[in-house]
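Structure first, commentary second.
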There are 2 protein chains.
Amino acid sequence: MDDKDLEILKLVQSNARMTAETLGQAIGLSPPAVQKRLKKLRESGVIENEIAVLSPARLGREMTVIVQVMLERENRMYLENFKRKMRNVPAVQQCYYTTGEADFILVVVVNNIKEYEEFTQECFFDESNVNKFTSSIVMDRVKVSLDIL
Amino acid sequence: MDDKDLEILKLVQSNARMTAETLGQAIGLSPPAVQKRLKKLRESGVIENEIAVLSPARLGREMTVIVQVMLERENRMYLENFKRKMRNVPAVQQCYYTTGEADFILVVVVNNIKEYEEFTQECFFDESNVNKFTSSIVMDRVKVSLDIL
DNA sequence: CTTGAAACCCGCCTGCA
DNA sequence: TGCAGGCGGGTTTCAAG
């Protein structure tokens, strides 16, 4: 992990389709050298995976909601149950276990308000440990990225 | 956009490195056919881009904070200023303009608490229109994905 | 760096609606 | 007749020596 690796990461985190040749001339390295570095970065887990980012709008996913969830009881079993549920529900794009007022903060993506209502029914009312939750409707997805460099 | 396209999207949204051949035999299509569909999906913007997902832990980005921001004044110019700022600050991974108590909800990724303090100084105190903000420290990134299918 | 193998891209042709 | 799938070429990219 040196500066060259970091430069490669900075580039591929916003575009994974760059060829080794393009990357190479951007940072001053031969294509095979770049490929070897990429291979190591993937194997070591620095690059976790490579994904296609889809357009929510083009696919009818018009609605994003950020939800703060307060649980009833906070013992370990309930926490794990809730986490497992979140991982398995497709509408939940992101789930964070946090300090502060809320126990969990979610980013939920659905087609419309009806689907959101169904989601809350399934996850927050039925057989659940949720005490309270507050929903914030997203009016503008100002910035959405996973870049960390 | 038919079922085959949707199947392709479902696969590539979690792994963009699948070859056209692999995709083809998963959904019953020849490799060239898959490539043509991918090309169209990219050109039409259904696939916005393809990115490498990096490991925050491996890169020292140990700290994720979810921030709710209430602005002082909500007129258009201040909103746009704030949005522009968020887009330009690298620590801000995500920024949503929302209904509800908070005007904006942010996902911020930093190395440590000191960097977070610097971030708040830069974005919330100096020459800014921020009335109040609350920080929730993330203890567990239970689920982080961009999948929408 | 060089080489062999594999994946991708671009024609053309065919079949079907 | 127009659109989508399949096949073949050449070209680029990838991966091992």
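Computed from heavy atoms alone, side chains included, the values below leave out hydrogens, waters and symmetry copies. We name chains A, B, ... by the order of the sequence lines, and we start the count at 1 in each one.
Distance B:Gln25 CD to C:dA7 C1': 14 Å, rounded to the nearest Å. Rounding to whole angstrom units, CD of residue B:Glu21 and C1' of D:dC7 are separated by 14 Å. Rounded to whole Å, atom C1' of D:dT13 lies 12 Å from atom CG of A:Leu23.
B:Leu11 is listed as a side-chain neighbour of B:Met18, based on a closest heavy-atom distance under 4.5 Å.
Listed by first and then second residue, the side chain to side chain donor-acceptor pair (under 3.5 Å) pairs involving residues 137-149 of chain B are A:Lys83-B:Asp140 (not counting sequence neighbours).
The side chain of B:Leu29 lies closest to D:dG5 when the candidates are D:dG5, D:dC7, C:dC8. Residue A:Pro32 places its side chain closer to C:dT2 than to any other of C:dT2, C:dA7, D:dT13.
Rounding to the nearest 0.5 Å places CZ of B:Arg37 at 5.5 Å from CD1 of B:Ile8.
A perpendicular orientation is assigned to the rings of A:Phe125 and A:Phe133, their planes being inclined by more than 60° (bins at 30° and 60°).
Contacts with DNA chain D (heavy atom under 4.0 Å) in residues 34-47 of chain B: B:Lys36, B:Arg37, B:Lys40, listed by number.
Nearer the 5' end of DNA chain C, as judged by each residue's closest nucleotide, is the contact made by A:Ser30, out of A:Arg17 and A:Ser30.
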key: B:Lys132 vs B:Glu72, salt bridge (Lys or Arg N to Asp or Glu O under 4.0 Å): CA-CA, chis, key distance, verdict   = CA-CA 8 Å; B:Lys132 194 158 83 98; B:Glu72 197 77 70; over 6 Å; no
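Using a cut-off of 4.0 Å between Lys/Arg side-chain N and Asp/Glu carboxylate O, B:Glu80 and B:Arg76 are scored as not salt-bridged.
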